[in-house]
Undergrad: 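I'd like to ask you about the structure that follows.
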Amino acid sequence: MIFASTRDPGDQVDFATAVFRGLAPGGGLYHPLQQPDLSGVIAGFTAQSSFNEIATELCYRLLGDELSRSQSRAIVERAFEFSPRLAPLGGAIQLLELFHGPSCAFKDFGASFLAACMEHFLSHRDRHAVILTATSGDTGSAVAQAFHGRDNISVVILYPSGRVSPLQEKQLTTVGGNVSALEVRGSFDDCQRMVKEAFVDRELNRQLVLTSANSINLGRLLPQSFYYIWAAAQWRAVSRQAPVFCVPSGNFGNLTAGVLAWRWGMRVERFLATTNANDVIPEYLTSGVFTPRPSVQTLSNAMDVGNPSNFERLSALFGADVEAMRRCIEAAVISDAETLATIERYYSRSGIYLDPHTATGVLAAERYCQQHTRTDPAVICLATAHPGKFLEVVEQATGTRPMLPAQLAASLERPKRATAVESSAAALKQYLLGTFA
Ligand SMILES: *Cc1c(COP(=O)(O)O)cnc(C)c1O
């Protein structure tokens, strides 16, 4: 498979190069140049196929020119010590639970696969790399967990002091081993600026292999298609009709991975994308005009994205044709009040906790089924985070607290380890050279 930049079709690279570059040099995103037809392979999966079997086969079929079948298997086994689950929610909706990994959110799938791929490529080239990541709280923990204990890789996470939640800080600062946390006296923007400056510093890049594990990395996008295809195989034991996939969206990476799976031959009735008040893509689907703007804060804060970067990939998949995108994707915008009411309703009716992101999807899925008078199993709604990860919001809605998942509870017990640094590029450079050069 060959990958090209969304902004420069002449910039064509293999998977390994795309993984270590993250962003293409011209600022574009790497994207498959051509979509393979895997409909035969996908039709061969059954409800008995395990997630890792499906992931191994897809990894090999997609990346076979760079990874043998046994290498694909080894990477998948190393990446996924956790699995998705498909569980009925009631009515016509099933939840695809993607929160059983180490950071209790779907981003674990992408981050873990990326980590296992980098580890594989580095060990074959006998090199060491330093992953640099700035986080405002949430994405950093998936990266920290995913890269913990990987050979030939060190991770440095920058976070703004005093501006992440206590639980988030614990998740970032208690991993240890090859994962270091830098507590920056400054804002998230300062952290991001420091990382950007490190990536363009000639001296640093001469001495170290610096790379990122950003959510736009191709190595995080591709594996997200695996759980759609796994769920579609499970679905065959539930219904003869193709499912609707409902996807709570922010940067639209998760949705893009689903659309890729569809292009490769997975049967889908429709995609239903939900957003909170940050409704740039729903607006595009209505008006045909893409107008990014500053994000607004909501209760489903991992979806607070005002300029969804994966729009470039989505648009490429539909040849920049909004009509074609509309035939495949329908969008719904869910307010904070509706999110809270949905969490409350499921809790008081059936004792089920939903996290605020998943709740936007569940409400949109209910409305879809009403409109289309569907009562048979119809929708697979992606449950993107464990409700225990968003305790405050769930408590606001229900008056009670869900259990903290064991992974998160354990991090609260461990001591915080962080190095305080000034918010300057020079301070980061000094730290990196002093630690790794
Ligand atoms: C990141 C995230 C989302 C949004 O996913 P995108 O791929 O950015 O659209 C939704 N829910 C949760 C819990 C997240 O962490």
Side-chain angles (χ1 to χ4, degrees), residues 29 84 95-114 133 135-146 164-165 167-168 171 213-225 227-228 245-261 271-282 284 292 295 298-314 329 331-334 339 343 353-364 381-394 402 405 408:
L29 309 186
L95 280 188
L96 176 55
E97 297 179 355
L98 301 172
F99 52 68
H100 299 290
S103 85
C104 304
F106 82 87
K107 291 186 178 73
D108 287 330
F109 285 90
S112 252
F113 185 79
L114 173 66
T133 308
T135 184
S136 56
D138 228 35
T139 49
S141 65
V143 170
Q145 299 285 353
V164 303
S165 79
L167 177 63
Q168 286 172 334
Q171 286 186 272
N214 207 298
S215 69
I216 49 84
N217 194 302
L218 186 70
R220 287 179 61 168
L221 182 75
L222 288 187
Q224 290 178 204
S225 64
Y227 49 69
Y228 283 90
F245 277 100
C246 180
V247 190
S249 298
N251 229 344
F252 282 76
N254 217 358
L255 182 75
T256 302
V259 173
L260 281 171
F271 289 96
L272 186 55
T274 62
T275 68
N276 53 32
N278 296 282
D279 60 350
V280 171
I281 287 188
Y284 168 76
S295 63
T298 74
L299 295 176
S300 43
N301 59 20
M303 291 159 48
D304 293 348
V305 181
N307 186 6
S309 40
N310 282 292
F311 177 73
E312 289 188 22
R313 284 185 172 130
L314 267 182
I329 304 168
V333 181
I334 306 294
T339 301
I343 298 173
Y353 286 113
L354 298 173
D355 95 277
H357 308 82
T358 305
T360 67
V362 167
L363 179 60
C381 182
L382 275 59
T384 51
H386 191 290
K389 234 188 143 159
F390 295 91
L391 283 178
E392 294 80 5
V393 180
V394 175
L408 301 191

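Counting starts at 1 for both ligands and their atoms, in listed order.
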Undergrad: Hey, which atoms in ligand 1 end up nearer than 4.0 Å to a heavy atom of Ser249?
TA: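 Per the distance check, 9 (O).
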Undergrad: At what distance is the nearest protein heavy atom to atom 11 (N) of ligand 1, and which residue and atom is it?
TA: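 Sorting protein heavy atoms by distance from atom 11 (N) of ligand 1 puts Thr384 OG1, 2.9 Å first.
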Undergrad: Could you label the plane-to-plane angle of the His386 and Phe99 rings as parallel, tilted or perpendicular, counting under 30° as parallel and over 60° as perpendicular?
TA: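 It falls in the perpendicular class, over 60°.
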Undergrad: For ligand 1, is there an N or O atom under 3.5 Å from any N or O atom of Gly253?
TA: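 Right, the criterion is met.
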Undergrad: Does a donor on one side chain and an acceptor on the other come within less than 3.5 Å for Asn278 and Thr275?
TA: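 Their side chains do not contain a donor-acceptor pair, so the 3.5 Å distance test is not met.
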Undergrad: Looking only at non-hydrogen atoms, find the nearest pair between Phe390 and His357 and report the distance.
TA: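 Phe390 and His357 have their closest heavy atoms at CZ-CE1, 3.2 Å.
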Undergrad: Going by the atom numbers of ligand 1, which of them fall below 4.0 Å from some non-hydrogen atom of Ala302?
TA: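 Within the 4.0 Å cut-off of Ala302, ligand 1 contributes 1 (C), 2 (C), 3 (C), 4 (C), 12 (C), 14 (C), 15 (O).
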Undergrad: Donor-acceptor check, side chain of Tyr228 to backbone of Asn254, threshold 3.5 angstrom: yes or no?
TA: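 Yes; judged by distance alone, with no hydrogens or angles, the pair exists.
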Undergrad: Could you tell me whether the side chains of Asn310 and Thr256 share a donor-acceptor contact shorter than 3.5 Å?
TA: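 Not at all, the side chains of Asn310 and Thr256 share no donor-acceptor pair under 3.5 Å.
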Undergrad: Suppose we measure from atom 5 (O) of ligand 1 to each protein heavy atom; which comes out shortest, and what is that distance?
TA: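 Sorting protein heavy atoms by distance from atom 5 (O) of ligand 1 puts Phe106 CZ, 3.3 Å first.
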Undergrad: Do you know which two heavy atoms are closest between Ser141 and Ser103, and how far apart they sit?
TA: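 Taking Ser141 first and Ser103 second, the nearest heavy atoms are OG-CB, 3.8 Å.
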Undergrad: Could you list the residues that satisfy ring-ring contact (aromatic ring centres under 6.0 Å, His included) with Phe311, not counting sequence neighbours?
TA: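 Phe311 satisfies ring-ring contact (aromatic ring centres under 6.0 Å, His included) with Tyr284, Phe290 once adjacent residues are dropped.
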Undergrad: Between atom CG of Leu354 and atom CG of Leu363, what is the distance when rounded to the nearest 0.5 Å?
TA: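 Separation between the atoms: 10.5 Å.
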Undergrad: Would you check whether Pro248 has a nitrogen or oxygen atom less than 3.5 angstrom from a nitrogen or oxygen atom of ligand 1?
TA: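 No; the residue has no nitrogen or oxygen that sits under 3.5 Å from a nitrogen or oxygen of the ligand.
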Undergrad: Can you pull out the closest protein heavy atom to atom 8 (O) of ligand 1? Residue, atom name and distance to 0.1 Å, please.
TA: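 Closest protein heavy atom to atom 8 (O) of ligand 1: Asn251 N, 2.8 Å.
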Undergrad: Has ligand 1 got any nitrogen or oxygen that is less than 3.5 angstrom from a nitrogen or oxygen of Lys107?
TA: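 Yes, at least one N or O pair falls under 3.5 Å.
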Undergrad: Which of the numbered atoms in ligand 1 are below 4.0 angstrom from a heavy atom of Gly250?
TA: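 Per the distance check, 4 (C), 6 (P), 8 (O), 9 (O).
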Undergrad: Can you tell me if Phe99 has a non-hydrogen atom under 4.0 Å from ligand 1?
TA: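 Checking ligand 1 against Phe99, which is what was asked, there is no heavy-atom contact under 4.0 Å.
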Undergrad: Can an N or O of Asn254 be found at a distance shorter than 3.5 Å from an N or O of ligand 1?
TA: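 N/O-N/O distance below 3.5 Å exists for this pair.
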Undergrad: Which heavy atom of Pro402 sits nearest a heavy atom of Pro387, and at what distance?
TA: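 Closest pair (atom of Pro402, atom of Pro387, distance): CG-O, 3.9 Å.
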Undergrad: For ligand 1, which part of Met303 has a heavy atom less than 4.0 Å away: the side chain, the backbone, both, or neither?
TA: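 The side chain, only.
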Undergrad: Would Ala385 count as a polar contact of ligand 1, with the cut-off being nitrogen or oxygen pairs under 3.5 Å?
TA: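 In fact, backbone or side chain, Ala385 has no N or O that close.
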